[in-house]
Trainee: 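Just dropping this structure here.
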Amino acid sequence: MDRFEGRCWLDWWANSSLTFGPVEVAVVITASDAGWDARGHLVGDSDDDRDGFAFLCDLDPVFTLRFEDESTVEVTVHPFQDHRRFTLTEYIGPVNHQVG
């Protein structure tokens with residue numbers, strides 16, 4: 001894959017059985033020397049969408065990025081100040097991630 005551009009969902013897991021979201025996002029993922037680069041923005045344009053996303057990012061920025069085919073990758077969200085746009089990096093922490 002050299003480039004992916006499309007809609008995905010960010011799922012925020014409180015524990016192994018409780019998720020908040022999903023947050024619908026539009027992302028662009030491109031191949032790079034380091035693996036991949038990703039950026040995106042919220043699809044929803046309301047203040048409630050932004051505020052909910054900002055709240056979850058402030059609690060813990062680790063989300064599951066879910067594609068239309070239901071494949072997933074764990075990511076860390078790096079929101080811009082407006083909390084509508086962000087970059088993503090691959091989450092490389094422990095498998096059993098604890099919130100907070």
Trainee: Counting C-beta onward and ignoring hydrogens, is there a side-chain heavy-atom pair between V77 and V23 closer than 4.5 Å?
Mentor: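 They are not in contact (no side-chain heavy atoms under 4.5 Å apart), so the answer is no.
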Trainee: Is any side-chain heavy atom of E24 closer than 4.5 Å to a side-chain heavy atom of W9?
Mentor: yes
Trainee: Can you name the closest pair of heavy atoms from W12 and D60 and give their distance?
Mentor: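 So the minimum-distance heavy-atom pair works out to NE1-O, 2.8 Å.
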Trainee: Give the minimum heavy-atom separation between G44 and D49, together with the two atoms involved.
Mentor: CA-OD2, 3.0 Å
Trainee: How long is the gap from CD on E90 to CG on L65, to the nearest 0.5 Å?
Mentor: 11.0 Å
Trainee: Work out which heavy atom in R50 is nearest to a heavy atom in L42; give both atom names and the distance.
Mentor: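 Answer, listing the atom of R50 first, then L42: CA-CD1, 3.8 Å.
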Trainee: Using a distance-only test with no angle check, is there a side-chain donor-acceptor pair under 3.5 angstrom linking D48 and S46?
Mentor: no
Trainee: Identify the two heavy atoms, one from S32 and one from D37, that lie closest to each other, and give their separation to 0.1 Å.
Mentor: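 Closest heavy-atom pair between S32 and D37: CB-OD2, 3.3 Å.
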Trainee: Would a single hydrophobic cluster contain both W36 and V28, if residues Ile, Leu, Val, Met, Phe, Trp and Tyr are joined by side-chain heavy-atom contacts under 4.5 Å?
Mentor: no
Trainee: Please round to the nearest 0.5 Å and tell me the distance separating atom CG of L10 and atom CG of L88.
Mentor: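 L10 CG to L88 CG: 6.5 Å, rounded to 0.5 Å.
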Trainee: Should we say atom CZ of R66 is surrounded by more than 12 heavy atoms from elsewhere, each under 6.0 Å from it?
Mentor: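 Count over threshold, so yes.
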Trainee: Once rounded to the nearest 0.5 Å, what's the spacing between atom CD of E5 and atom OG1 of T30?
Mentor: 10.5 Å
Trainee: With hydrophobic residues grouped by side-chain heavy-atom distances under 4.5 Å, do V43 and F20 end up in a single group?
Mentor: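 No: no chain of side-chain contacts under 4.5 Å links V43 to F20.
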Trainee: If you compare all heavy atoms of F4 against all heavy atoms of C8, which two are closest, and at what distance to 0.1 Å?
Mentor: CE2-SG, 3.7 Å
Trainee: Check whether more than 12 heavy atoms from other residues, nucleotides or ligands sit under 6.0 Å from atom CD1 of I92, and answer yes or no.
Mentor: no
Trainee: Check this for me: D69, atom CG, are more than 12 non-hydrogen atoms of other residues, nucleotides or ligands nearer than 6.0 Å?
Mentor: yes
Trainee: Do the side chains of R84 and D47 get close enough for a salt bridge, i.e. N-O under 4.0 angstrom?
Mentor: yes
Trainee: Find the distance between CZ (F80) and NE2 (H41) and round it off to the nearest 0.5 Å.
Mentor: 12.5 Å
Trainee: Would W13 and T64 count as a side chain to side chain contact (heavy atoms under 4.5 Å, CB included) if you check the C-alpha gap in whole Å, the side-chain angles of each, and the deciding distance to 0.1 Å?
Mentor: CA-CA 8 Å; W13 290 89; T64 300; 3.4 Å; yes
Trainee: Name the one of F63, F67, Y91 that satisfies side chain to side chain contact (heavy atoms under 4.5 Å, CB included) with V73?
Mentor: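 Single pass found, and it is F67.
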